[in-house]
Amino acid sequence: MTAFFSHVVGSWAALYSGSAVLRTIVSFVHVAGLVGGGGAAISADRATLKATRARVPVTREQIDAIHNTHRVVIIGLASVIVSGVLLFAADVATYAPSKLFWLKMVMVAALMVNGAFLVRVGHGVQMPDEGTRRTMRWTAGLSLGLWFLITLAGAGLPNI
């Protein structure tokens, strides 16, 4: 089984390194997923932070707008993950020993767990009580921070 994966990764790395078009497409999908999904998530996080300020009434429209971004974020994250696996497979020797790469992967996992938690907390909430408000604020703030830290780590990866 290991020989099979080594062969697949080696074949992919050779194909990837030999094609400027393929490198461009994979990189574009990675950045587009980050811009589209991350941009929607950042917008939703900011809306959540605004909607959950203390002593500010939350409207049903605000809650619906926050929840409506979920599909865009999931599609963006999926494209980032798929293209990220392809980028990793194209240069395993560089990325596998990189502490920055693995830190980025931990942050991506944390982002996904945090996002699932935020969706679960907000799902079915008509008007959030104070505890739900605090939880939504905290998870939105964490999400906002993670999106930027992941982007920073990604910007650093080509320089390792």
Using the rule that two of Ile, Leu, Val, Met, Phe, Trp, Tyr join whenever any of their side-chain heavy atoms come within less than 4.5 Å, decide whether Leu142 and Leu149 are in one cluster.
yes
Would you give the length of the straight line joining atom CG of Leu87 to atom OG of Ser27, rounded to the nearest 0.5 angstrom?
5.5 Å
Do the side chains of Thr94 and Ile160 get nearer than 4.5 Å, heavy atoms only?
yes
Work out which heavy atom in Ser79 is nearest to a heavy atom in Gly76; give both atom names and the distance.
OG-O, 2.8 Å
Would Ile74 end up clustered with Phe117 when hydrophobic side chains under 4.5 Å apart are linked, directly or stepwise?
no
Determine the minimum heavy-atom distance between Gly36 and Val72, stating which atoms define it.
O-CG1, 3.8 Å
What is the ring orientation for Trp102 with Phe88, classed by angle as parallel under 30°, tilted 30 to 60°, or perpendicular over 60°?
perpendicular
Given Leu86, Val80, Ile25, the one that forms side chain to side chain contact (heavy atoms under 4.5 Å, CB included) with His30:
Val80
dist Ile42:CD1 -> Phe148:CZ (nearest 0.5 Å) comes out at 3.5 Å
Hey, are the side chains of Val92 and Trp12 touching, using non-hydrogen atoms and a 4.5 Å cut-off?
no
Could you give the distance from CG (Asp45) to NZ (Lys50), rounded to the nearest 0.5 Å?
15.0 Å
Would Leu146 and Leu34 show up in the same hydrophobic cluster when neighbours are defined by side-chain heavy atoms closer than 4.5 Å?
yes
Are Thr139 and Thr48 close enough, and set up right, to give a side chain to side chain contact (heavy atoms under 4.5 Å, CB included), and what steps lead you there?
CA-CA 9 Å; Thr139 54; Thr48 300; over 6 Å; no
Between Arg137 and Leu49, what is the shortest heavy-atom contact and its length?
NH1-O, 2.5 Å
Could you go through the side chain to side chain contact (heavy atoms under 4.5 Å, CB included) check for Thr2 and Ser6 one step at a time?
CA-CA 6 Å; Thr2 303; Ser6 292; 4.3 Å; yes
Count the heavy atoms belonging to other residues, nucleotides or ligands that lie under 6.0 Å from CZ of Arg46, then report whether that count exceeds 12.
no
Where is the tightest heavy-atom contact between Ala13 and Ala89, given as atom of each residue plus distance?
CB-O, 4.0 Å
Say whether, by atom type as modelled, one donor and one acceptor occur between the side chain of Ser19 and the main chain of Leu15 under 3.5 angstrom.
no
Looking at every heavy atom in both Ala153 and Lys104, which two are closest together, and how far apart are they?
CB-CB, 3.9 Å
Given the rule that I, L, V, M, F, W and Y join up when any side-chain heavy atoms are under 4.5 Å apart, are Leu103 and Trp147 in one cluster?
yes
Go through Leu111 and Met107 one step at a time and tell me if the side chain to side chain contact (heavy atoms under 4.5 Å, CB included) criterion holds.
CA-CA 6 Å; Leu111 179 71; Met107 289 190 293; over 6 Å; no
same_hphob_cluster(Ile75, Phe28) at 4.5 Å side-chain heavy-atom cutoff
no
